[in-house]
Every structure is written in structure tokens, then in C-alpha cells.
Amino acid sequence: MKNVILVLFVLTAVSFADISGDMIEGYLDQTGDDLVYERVDNEFMLLAETQDGSKIPYMYILADPEMEGCLLVALTPGTVPESGAERTAALETIAQLNWSNTWVKFAIDPETGDVSAMYTFSTEDGLGYESFTVMLNLLLGTVDENWDTLAAI
């Protein structure tokens, strides 16, 4: 009985551990050797390697221990025009994508018009590796499923 209580205590402590950059780095390292990323404190930029060896960013991750949250942002091929009928059509497309997607939300950078897909979640009760990878895959899968629509903006 004493050992069971000790095991439960250890599991509870692990599941309620504060999120940190080190935790995210460990999770990213677990996903595979081919994952390339750059880290600055609690911020990560995931990079895709092209055939010529250059690296292109495709996802940004921010772990914020103070806010007890994590932000995932996937870059997309979409860019909203500055004005005109094309801008209106692009904004309507973004609104429709947001309506159609329960978890992932699409946002527009007001300075550049770049469209990104975002997923924010609370880490106040900790963050397990499985949950983290499900969220990564959900975000990237949503972008992939809507790639043609986003590229047409």
C-alpha cells in the first residue's frame, strides 16, 4: 500500500509539472531525429529542410510557464491582399475556415497579411507528450487539409 501511494504521488507530480522550454525541447526530440528546430528560451521555430539544404520555418511554438499556456502557430501559404474584392474574398474564406474548424483557428498578421493557423491550450494541469503530439498533428493536419484553399487566397 505504501508503494502504491508513492507511485501515485510521483505520477501526480509529473502530470502537474510546470511547462518549460526544456519540456517542449524534450518532446520535440522524442518525435524523431529528422525534426529540425531552433530554440530561444521558451520559443521554438520548426524548420523544414529543402532539397538544396536551406531551412524554411513552418511552425512556431511558445511555452509560457507564467501564463500556464502553450501556443502553436503553423505557417500557411495564404496571404490576404491589402485591399479590394480579393481582400474581401480572402477574409470570407478565413471566416469560413474558422467556422468549419473546431480546434484550430486561422489568423491574419495585420502587417504582412500572412495567414497562420493557431492552437492555444492551457498547461495549468501539466502537459503530457501524447497530448502535445496530438495537438501538433491536429494543427499540421488541418493546414494540410486546407492547403489548396489557403494557397488560393
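Just so you know, residue 1 is the first one in the sequence shown, and it goes up from there.
- Here the CD atom belonging to E43 is positioned 9.5 Å from the CG atom belonging to D64, to the nearest 0.5 angstrom.
- One N or O on the side chain of T133 and one on the backbone of E130 form a donor-acceptor pair closer than 3.5 Å.
- Counting heavy atoms from C-beta on, the side chains of K55 and T50 never come closer than 4.5 Å.
- With rounding to the nearest 0.5 Å, the separation of CZ in F44 from CE in M59 is 13.0 Å.
- For the residue pair P57 and L75, the shortest heavy atom distance occurs at O-CD1, 3.5 Å.
- A distance of 10.0 Å separates OG1 of T142 from CG of L97, quoted to the nearest 0.5 Å.
- With values rounded to the nearest 0.5 angstrom, L62 atom CG is found 6.0 Å from L71 atom CG.
- Within 6.0 Å of CD on E38 lie no more than 12 heavy atoms contributed by other residues, nucleotides or ligands.
- Side chain to side chain, Y119 and N101 fail the donor-acceptor criterion of an N or O pair below 3.5 Å.
- In the hydrophobic cluster analysis, where Ile, Leu, Val, Met, Phe, Trp and Tyr join through side-chain heavy atoms closer than 4.5 angstrom, L140 is grouped apart from M118.
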Go through the steps to decide whether L91 and V80 satisfy the test side-chain contact (heavy atoms from CB on, under 4.5 Å), and finish with yes or no. CA-CA 7 Å; L91 293 174; V80 173; 4.2 Å; yes
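- Using bins of under 30°, 30° to 60° and over 60° for the plane-to-plane angle, the ring pair Y27/F132 lands in the tilted bin.
- Annotation for I24 and A63: closest pair CG1-CB, 3.8 Å, computed over non-hydrogen atoms.
- A distance of 5.0 Å separates CD1 in I108 from CD1 in I94, rounded to the nearest 0.5 Å.
- The nearest pair of heavy atoms linking S20 to N42 is C-OD1, 4.0 Å.
- Between the side chain of N98 and the main chain of F106, a donor-acceptor pair closer than 3.5 Å is present.
- Criterion: ILVMFWY side-chain heavy atoms under 4.5 Å apart, direct or through other members. Under it, Y37 and M23 are part of a common hydrophobic cluster.
- Taking all atoms of both residues into account, the shortest heavy-atom contact from C70 to I61 is SG-CG2, 4.0 Å.
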Residues L72, F121; criterion side-chain contact (heavy atoms from CB on, under 4.5 Å); working and verdict: CA-CA 9 Å; L72 305 175; F121 53 94; 4.0 Å; yes
Step by step, work out the side-chain contact (heavy atoms from CB on, under 4.5 Å) result for Y129 and V134. CA-CA 9 Å; Y129 173 72; V134 164; over 6 Å; no
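- Under the 4.5 Å side-chain heavy-atom criterion for Ile, Leu, Val, Met, Phe, Trp and Tyr, M135 and L35 are members of the same hydrophobic cluster.
- The structure places CZ of R87 at 12.0 Å from CD of E92, a figure rounded to the nearest 0.5 Å.
- When atom types are taken as modelled, the side chain of S116 and the backbone of A74 share no donor-acceptor pair closer than 3.5 angstrom.
- Under the 3.5 Å distance criterion, with hydrogens and angles disregarded, a donor-acceptor pair is assigned to the side chains of D114 and T112.
- Contact record, V73 with L139: N-CD2, 4.1 Å, taken as the closest heavy-atom pair.
- Within the 4.5 Å cutoff, the side chain of V115 has no heavy atoms near those of the T79 side chain.
- Between E25 and R39 there is a salt bridge, since at least one side-chain N of the basic residue sits less than 4.0 Å from a carboxylate O of the acidic one.
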